[in-house]
Amino acid sequence: MYLRQQKKLEERLRTVLRELYQVEVEKIVIEQPPEIKFGEYASPIAFELARKLRKAPRKIAEEIVAALEKVEGFAGFEVAGAGYINARLDRGAAVQAVAAGGEIEEFAEHLHSLVEHTSINPNKAAHVGHLRNAILGDTFVRLLRAAGQKVDVQNYIDNTGVQVADIVVGLMHLEGMSLESVKALMARLSARGERIDYYCWDLYARVSQWYEADEEEKHARRQVRLATLHEIERGGNEAAAVGEMVSTAVLRRHLETMLRLGIEYDLLPRESEILHLKFWDLAFEQLKSKGVLYFESEGKNKGCWVMRRAGSEAPVETDDPEAGPDEDAKVIVRSNGTVTYVGKDIAYHLWKFGLLGRDFAYRRFFAYAYHECWISAESGEAEHPHFGGAQAIYNVIDSRQSDPQANVIEALRGLGFAEQAAHYTHFSYEMVALTPRCALELGYDVPEEDRGRPYIEVSGRKGFGVKADDLIDQLVAATQKEVDERHPELDEAERRQIAKEIAVGALRYFMLKYTRNSVIAFDLRDALSFEGETGPYIQYAVVRTRSIFRKGETAADVALADVNSVDASPYLTGDEADEIWQVWLRAAKTSLLLEQCIQAAEPAYLARHAFQLAQDFSNFYRKHHILTEPDPARKTFLLATAAVTQRELIRALGWLGISAPEAM
RNA sequence: GCGCCCAUAGCUCAGUUGGAUAGAGCGAUUGACUACGAAUCAAUAGGUCGGAGGUUCGAAUCCUUCUGGGCGCGCCA
């Protein structure tokens with residue numbers, strides 16, 4: 001409702017400005033006044049026009065207000081302060097509109113989008129940093145779908161990279177295992193109920209140390225690593241088979257971990273197929289023919305195919321032979337003929353946009369309750385969904401990779417795909433780090449020089465960090481304890497279900513409440529908190545509304561339909577009424593928030609909005625007792641207030657991937 | 001050396017395109033369960049928005065510069 005009225009007001013203002021002053025204003029700024037008593041919308045447009053029209057802002061505002069006359073849905077307009085134009089909604093009409101309209105008001109373009117997130121190297125357990133990535137990505141997927149977009153969810157698997165090679169080195173060289181004994185190890189772990197990704201977490205840290213441990217052996221050990229990597233890339237040998245087996249098992253564990261948080265994928269494209277299906281060869285031809293890549297015959301990059309780095313100045317046309325080569329250029333093909341990471345990424349992104357001219361084969365990999373997750377393959381099933389060929393893509397990748405991401409975009413633009421480049425979003429976010437205090441509490445050795453730092457980066461290589469499953473386990477244990485104490489009357493299965501929902505709500509909200517470019521200095525105590533600005537606080541508000549309808553022997557949808565027969569306006573004026581109106585106003589803004597979140601690629605806005613609505617409701621709930629209200633018309637209205645809160649909170653929580661339990 | 005990000009209450013963070021008196025949560029102090037569930041609510045204290053200039057009717061927000069911190073910048077992936 002709020003967004004629709006805002007657009008109406010915008011249009012009306014535009015018309016008035018045209019008629020009064022013959023001016024076209026590109027952007028009409030409309031905001032919410034600092035206090036609800038000033039109305040629901042405010043525009044400082046008169047200030048902006050003051051200079052152009054050589055007139056006092058207050059005078060302009062008065063003229064505009066006079067010209068606005070009557071606009072449907074608005075109670076009136078007035079001038080305030082030095083020249084603000086304030087608009088008041090017709091509150092009674094607004095309540096009816098909000099109660100009746102449960103649908104999303106405005107849709108962004110109906111694009112076919114592709115969101116890639118999670119993308120954990122399949123060589124160790126997922127940790128808190130990966131959780132931030134997956135939760136951000138999954139939430140954004142839900143937002144896009146809510147806005148009517150068709151979205152494919154992809155989780156890119158680097159199954160042939162150095163990190164997997166490190167695990168293979170660990171198994172085959174440190175542990176002296178063969179393919180058969182690795183199989184036996186996996187069977188043993190599985191029989192004991194141990195997690196393969198946890199085993200790899202420790203092994204990976206050991207291997208990383210082993211490379212560095214002995215100065216004399218260092219070079220030889222690096223050679224082992226490199227040789228293993230090449231065997232894995234080539235395929236068809238024992239190291240590759242071990243890598244394939246272990247990385248696939250770890251990948252399954254990642255999918256299970258994420259499923260605990262309600263996160264699902266449609267496709268797992270793997271690097272092994274990008275290599276073996278020779279995606280790069282096709283991309284290379286395009287890049288060469290369009291002149292994006294050129295062969296360097298001089299300087300430090302002699303013998304390489306390079307491209308101009310994103311953000312660097314276009315080379316000045318010069319005949320000066322002394323100018324020399326662009327030493328800052330990005331190497332895409334090495335002098336030994338192998339392609340770099342960015343090169344492979346360019347090929348992969350051409351595929352994402354349907355511009356490569358080749359496709360993966362596909363196999364079913366993982367079954368969810370309502371759909372299946374597919375994986376790339378060299379040869380696969382004849383029938384499969386269509387993947388790739390998206391109009392817009394979002395890559396959820398941490399901010400440290402902004403340079404390589406910019407280079408991929410630059411390559412697309414160089415190839416003439418300006419439209420695609422414009423719809424390529426590096427959905428970047430800052431890392432999750434541990435506070436030194438938290439690291440110490442978890443039993444890690446923190447070097448003296450690090451103790452004064454604000455935070456310490458999580459590192460899989462060092463085995464330093466909080467594993468995702470451990471964190472979820474701890475959260476579930478903590479919520480289980482609370483639920484058991486509060487609800488001895490419920491049976492165990494119900495209590496377990498509630499505890500799980502609250503734990504997921506706490507974790508997802510914790511990861512979403514920070515804006516993307518703020519580093520999360522992870523603190524276990526904050527993450528385990530269920531009070532204040534947390535997921536459980538919002539869930540609790542919903543539980544309260546459920547309880548009201550249960551006790552009142554009615555239902556939210558009935559309450560929303562009933563308010564139709566009541567004139568709510570008497571209950572919406574005066575100081576006492578402002579806090580009730582505040583609930584309706586906030587509830588009316590969900591569509592606006594959806595639009596803003598998508599436009600800014602920032603889920604945190606919605607997280608905050610949901611919290612504020614829960615807070616408005618809690619405030620209202622304390623002051624106005626619904627079920628004992630003697631005036632039947634007013635009671636109907638108060639019930640509808642609880643109902644609209646419930647409807648909007650459940651919807652917003654759903655987009656955040658958080659469910660609302662029946663009790664808690 | 002170059003590039004990107006950050007600095008707002010004791011702590012953790014909001015403040016979206018520049019707009020009215022800079023807001024939350026936690027922590028602190030005080031109060032509220034004989035009414036819909038206290039995982040709650042109310043109240044109080046707490047700020048030269050890192051420093052200095054500038055642009056503007058108006059700056060936490062934009063520009064310049066300095067300080068302090070983080071992250072990138074490879075013929076690694």
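Order of the sequence lines fixes the chain letters, A, B, ..., with proteins taken first and strands second; residue numbering starts at 1 for each chain. Worth knowing before you read on, the calculation uses all heavy atoms, side chains too, and leaves out hydrogens, waters and symmetry mates.
In this structure, CG of A:L226 is placed 15 Å from P of B:rC75, rounded to the nearest angstrom. Between A:I28 atom CD1 and B:rU17 atom P the separation is 18 Å, expressed in whole Å. Rounding to whole angstrom units, CZ of residue A:R486 and P of B:rA38 are separated by 11 Å. Rounding to whole angstrom units, CD1 of residue A:I45 and P of B:rG18 are separated by 13 Å. The interatomic distance linking A:L613 (CG) with B:rG25 (P) rounds to 15 Å, in whole Å.
Judged by centroid separation below 5.5 Å and plane tilt below 30°, A:Y537 does not stack onto the base of B:rA39. Remark: ring of A:F47 does not overlap the six-membered base ring of B:rC57 in a stacked fashion, as centroids less than 5.5 Å apart with planes less than 30° apart are not both met. Here A:Y455 does not count as stacked on B:rG70, because the ring centres are not under 5.5 angstrom apart with planes under 30°.
At least one test fails for A:R132 against the ring of A:Y429: distance under 6.0 Å to the centre or angle within 45° of the axis. With A:Y211 as the aromatic partner, A:R225 meets the cation-pi criteria of under 6.0 angstrom to the ring centre and within 45 degrees of the ring axis.
Using atom C1' as the reference point in both B:rG54 and B:rA59, the two lie 11 Å apart (nearest Å). The gap from the P atom of B:rG23 to that of B:rU48 amounts to 15 Å, rounded to the nearest Å.
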Evaluation steps, salt bridge (charged side-chain N to carboxylate O under 4.0 Å, His left out), between A:R88 and A:E40: CA-CA 6 Å; A:R88 290 176 192 283; A:E40 286 73 37; 5.9 Å; no
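Note on ring orientation: taking the six-membered ring where Trp is involved, the planes of A:F284 and A:W280 are parallel (angle under 30°, cut-offs 30° and 60°).
Put simply, A:S618 has no side-chain N or O that comes within less than 4.0 Å of OP1 or OP2 on B:rA38. In this model, the phosphate group of B:rA42 is approached by a side-chain N or O of A:N619 to a distance below 4.0 Å at OP1 or OP2.
The environment of A:K500 atom NZ is sparse: at most 12 non-hydrogen atoms of other residues, nucleotides or ligands sit within 6.0 angstrom.
Scanning all heavy atoms of the two residues, the minimum distance from A:I598 to A:L143 falls at CD1-O, 3.6 Å.
Summary of the strand contacts: A:F530 and A:E233 both lie near RNA chain B, and taking for each the nucleotide with the nearest heavy atom, the more 5' one is attributed to A:F530. Along RNA chain B, the nucleotide closest to A:G299 and the one closest to A:I548 are compared, and the more 5′ of them pairs with A:I548.
Listed by first residue number, the stems of RNA chain B with at least three Watson-Crick or G-U pairs below 3.5 Å are B:1-7 with B:67-73, B:10-13 with B:23-26, B:28-32 with B:40-44, B:50-54 with B:62-66.
Closest contact between the side chain of A:F611 and the listed nucleotides B:rA24, B:rU16, B:rC5 involves B:rA24.
The aromatic ring centres of A:Y41 and A:Y2 sit less than 6.0 Å apart.
Looking at A:S335, its side chain comes within 3.5 Å of the base of B:rC75 through a donor and an acceptor atom. Checked by distance alone, A:D345 brings no side-chain donor or acceptor within 3.5 Å of a matching partner on the base of B:rA77.
Within 4.0 Å (heavy atoms only), A:A642 reaches no atom of the nucleic acid at all.
Remark: side-chain polar atoms of A:R270 are not paired, donor with acceptor, to backbone N or O of A:T160 under 3.5 angstrom.
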